[in-house]
There are 2 protein chains.
Amino acid sequence: MVTGKSTILDVARIAGVSTATVSRALAHPDRVQQATRDRVMSAVRKTGYRVNPVARNLRTQRTNVILVLAPNLANTFFSRILSAVTEVAASHGFGVLIADSAPLGDHDLDVMDLSGDGRADGIILLDGALDPLRVTNTDLPLVMACEWIEDSTLPTIAIDNVQGARLAVEHLSALNHHRIAHIAGPVGNVLSTARHDGWRSAMQALDHRIEQNDYFAGDFTLGSGVSAARQWLAQPADQRATAVFCASDECAMGFIGHVTRQGLRVPDDVSVVGFDDIDLSEHFLPSLTTIHQPRRRMGARAAETVIRLIRHENTAGADAAPLPVELVVRGSTARR
Amino acid sequence: MVTGKSTILDVARIAGVSTATVSRALAHPDRVQQATRDRVMSAVRKTGYRVNPVARNLRTQRTNVILVLAPNLANTFFSRILSAVTEVAASHGFGVLIADSAPLGDHDLDVMDLSGDGRADGIILLDGALDPLRVTNTDLPLVMACEWIEDSTLPTIAIDNVQGARLAVEHLSALNHHRIAHIAGPVGNVLSTARHDGWRSAMQALDHRIEQNDYFAGDFTLGSGVSAARQWLAQPADQRATAVFCASDECAMGFIGHVTRQGLRVPDDVSVVGFDDIDLSEHFLPSLTTIHQPRRRMGARAAETVIRLIRHENTAGADAAPLPVELVVRGSTARR
DNA sequence: ATCGCCCATGTAATCGTTTACATGTAGAGT
DNA sequence: ACTCTACATGTAAACGATTACATGGGCGAT
């Protein structure tokens, strides 16, 4: 019980059996006699033996681990996805490890340098910005979730971002807003692009002209909401958009925070719609009208899909369809 | 380049050398002749060979991986700690994997079932609720951060929670509040306990009586802030505490959100202080007066400490002292 | 009593690396 | 010409488990 680095051989010696029997006693208790099983167990207790997972992984070529690569752990958006993944995986006997994919972009690493050809049985990738060549350079089952990679054939779990943007714009339009600005996400990001496209096409479909000043660059963060708010406030009061559709809730909160502190009121002076429906949105002041993403379902579906791939089960199914989004009307939007 | 599951032996055969030479060409390029090195490299390219980290880990008994166990990834508080850990680790050649420690509490698993005696070289544990017996049942270097385990001798990086609570209470007292309520964190949690103690002792030191109704149970979440707000509102208006010290920022936001929606104003009708200084606090409405935790520094220090332990470097130093906290005065507190 | 089968256990190969040690070759020093 | 060094490479033993196959004893059927 004291040592701590005992091997299966130590146990075998103490129990007076072979290593094979120890291994069997542990993995298939029904295949060894009660008496020897007891001797083995007691030896295990005596030595404090724990199986070395690395050795086991090498021999069995399995790890029972799913690796999740997330682009930015600081983004509160991922938490619920991760917990859903963890739950589903656990119910199938898999553990979950998470890694920040940011270092992968910078250095010359690729996915496998972290995941290791053998460190995980499958990967869930939440980062669409990774070089596709690097990503597919692996035999491991890999599914994308939330974000995706254009022109790749990877299984992908995502929502209909264009539709989400459209719902936001239509909601604002129905409240008699015609000048609906957009604070975008980071350029190059697939989500940004989809939401931006959705905004543009919805505006066109509703015959609302998009003024040059109504597009603000951003990056999903609180800070980018604040700086967009500054730019918006700098415009002459009678020439501003009367509503803003933000590419993320955080960004929306940054915007609202800043304009409120400058003496304007939301939604009386400007309506704001976010995207994501993070936990805080409901409690923010004013509570945030936003596009709800089914985060738990995304995480669960991603986990199920990758596990099915790992097990070589039939992966055909309704997986292709994007998950539905939903407009949640709260206190940050009002009739003009 | 096509296969994908080629071993060092395949490379050796194609290059016409032994596996030892391949291994050396990759790990110590200076110890093989230019010519053979080139042959090896070209064989590597031809086969798409990637070293199998599991085999390497087994052989070298190292992984260059640090495992971080966090109690609750949904808590936005951890993000910045994690990114600091990741950065520092990377600069020392370590990768970082993160796992949710929640499953460890429930099942019969212990730390090693996830980390694996061999899967990581060291552990940073952010969860103080784990059974100490299970935690210390490992040879791996292990450091605690943020939370800690009573009566254990594990190296611990933390802030002075009692002092933080004291600063909050003193600030409110200086603003002429005497009835200062407290919304606590989960019972049994070391942070909750320390902050609760700090509140109580500061109140005593200032000769403020603690009324029975001024303690609210909670659990750090938004929701617990809301339900505390309900209880507080249910009290007769002239008999309520005039200020509230919350055990977390999220909780404070939940409280403020609810009372504001019920028609009260913060800070005019009630002052609120949070704890943590998460990103959003500055942008919340009103912006949140809170106790700032140096999250990046905690993460960095934890990483440095565990790496020093892994390398058997002298670990003595100023590590014992808790990191300083700081009161950040913003818009949620006002003179009574 | 003999044969054959089953069950519990042991033997040893295997997973894919790294690395201590052995081997062989070439050039320097005498 | 001979030895000694130095260096490049090969040989083979680890790392710690799992598992196909071999072995031997016990027991039922004949």
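Below, read A as the first sequence line, B as the second, and so on, with proteins coming before strands; counting in each chain starts at 1.
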| Is the base of D/dT18 touched by the side chain of A/Arg59 through a donor-acceptor pair closer than 3.5 angstrom? | yes
| Picking from C/dC15, C/dT19, D/dG10, which would you name as closest to the side chain of B/Val17? | D/dG10
| query | Is it the case that A/Thr21 and A/Arg37 place a side-chain donor and acceptor less than 3.5 Å from each other? | reply | no
| Taking only side-chain nitrogens and oxygens of B/Gln33, does any of them come within less than 4.0 Å of OP1 or OP2 of D/dC7? | no
| message | Looking at A/Tyr49, I'd like to know whether one of its side-chain N or O atoms comes within less than 4.0 Å of OP1 or OP2 on D/dA17. | response | yes
| task | Measure distances between side-chain N and O atoms of A/Arg50 and base N and O atoms of D/dG16, and say whether any donor-acceptor pair falls under 3.5 Å. | result | no
| query | Hey, are A/Gln61 and A/Asn57 close enough side-chain-wise for a donor-acceptor pair under 3.5 Å? | reply | no
| request: When you get a sec, tell me which of D/dG16, D/dT19, C/dT18 is the closest nucleotide to the side chain of B/Ser23? | output: C/dT18
| task | Please check the phosphate of C/dG10 (OP1 and OP2 only) for any side-chain N or O of A/Thr19 closer than 4.0 Å. | result | no
| So, is B/Thr7 near the phosphate of C/dG16, with a side-chain N or O under 4.0 Å from OP1 or OP2? | no
| said: The side chain of B/Arg56 is closest to which nucleotide in this list: C/dT17, D/dT11, C/dG10? | reply: C/dT17
| Counting just side-chain N and O atoms, does A/Gln61 come under 4.0 Å of either OP1 or OP2 of C/dG16? | yes
| Distance below 4.0 Å between B/Thr21 side-chain N/O and D/dG10 OP1 or OP2 | yes
